[in-house]
Engineer: 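Got a structure here, written out as structure tokens. Questions coming.
The figures that follow rest on heavy atoms only: side chains count, while hydrogens, waters and symmetry mates do not.
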Amino acid sequence: MSEIEQKADLRRYLQDARDALLWKLDGLSAYDARRPLTPTGTNLLGMVKHLTAVELGYLCDTFGRKHGEPLPDPEEDMFATAEESRALIVERYRRAWTHTDAAIDELPLDTVGTVPWWPPERARVTLHHVLVRVLADTQRHAGHADILREQLDGAVGWLRDNDSLATSDPTERAAYHARLEELARGAEQAGD
């Protein structure tokens, strides 16, 4: 596989994860998009804001590439402040893609950069390394978003028009859930 093909493959999976994360915000109230849904405060809009900083930091700052985008204070990168609208955070995320996609397109995968916030002994990295890291982080948060959105209103799936589930029938889903519950209780009783 050529480097161009490798980059296209990595970028396609990154874009899929980006798109999946953003659709999890569609149709939600301002409250549901922002509210903490776990004891640690995880929230949908905060993940988008966080990933904006992740992309710009790893794919631009690491390689000395200017982007001109405001980066949040590290203490505020996982939630939307009162001054930040959903539209603003989503727009910043989309603008970040322009900068980071350009870095992916223009730099060879073996380009060496320095992650400014890492310890010096491990701060030197390649574009390939940080691209895989950003892809993994984005996929991880897209998975978090899947679960959070399902808990909010039952919306599930990879994309709005592709739920990637065996069935969309609510009765079949309920039967499947009941079967898994029964298996879990059986394992508990068996001492597994």
Engineer: Please tell me whether I104 and L56 are part of a single hydrophobic cluster in this structure, the criterion being side-chain heavy atoms less than 4.5 Å apart.
Structural biologist: no

Engineer: Applying salt bridge (charged side-chain N to carboxylate O under 4.0 Å, His left out), can you list everything that pairs with E76, at least two apart in sequence or on another chain?
Structural biologist: none

Engineer: Which residues pass the salt bridge (charged side-chain N to carboxylate O under 4.0 Å, His left out) test with E181, sequence neighbours left out?
Structural biologist: R185

Engineer: So, for W118 and Y58, which heavy atoms are closest and what is the spacing to 0.1 Å?
Structural biologist: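 Closest pair (atom of W118, atom of Y58, distance): NE1-OH, 3.3 Å.
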
Engineer: Can you sort out the partners of R35 under salt bridge (charged side-chain N to carboxylate O under 4.0 Å, His left out), two or more places apart, ordered by chain and number?
Structural biologist: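 R35: salt bridge (charged side-chain N to carboxylate O under 4.0 Å, His left out) contacts with D32.
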
Engineer: When you measure from the side chain of T42 to the backbone of T38, do you find a donor-acceptor pair of N or O atoms at a distance under 3.5 Å?
Structural biologist: no

Engineer: When you check the side-chain N and O atoms of Q15 and R18, is any donor under 3.5 Å from an acceptor?
Structural biologist: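 On atom types as modelled, these side chains qualify, holding a pair under 3.5 Å.
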
Engineer: Does CD belonging to E5 count more than 12 external heavy atoms closer than 6.0 Å?
Structural biologist: yes

Engineer: For H99, check ring pair (Phe, Tyr, Trp, His ring centres under 6.0 Å) against everything at least two apart and list the hits.
Structural biologist: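 Partners of H99 by the ring pair (Phe, Tyr, Trp, His ring centres under 6.0 Å) criterion come out as none, since no residue qualifies.
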
Engineer: With sequence neighbours excluded, tell me which residues meet salt bridge (charged side-chain N to carboxylate O under 4.0 Å, His left out) with R124.
Structural biologist: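 In terms of salt bridge (charged side-chain N to carboxylate O under 4.0 Å, His left out), with neighbours along the sequence ignored, R124 is linked to no residue.
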
Engineer: Is the shortest side-chain N to carboxylate O distance from D153 to R149 below 4.0 Å?
Structural biologist: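 Yes.
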
Engineer: Tell me the ring pair (Phe, Tyr, Trp, His ring centres under 6.0 Å) pairs involving residues 67-93, sequence neighbours left out?
Structural biologist: Y93-W97

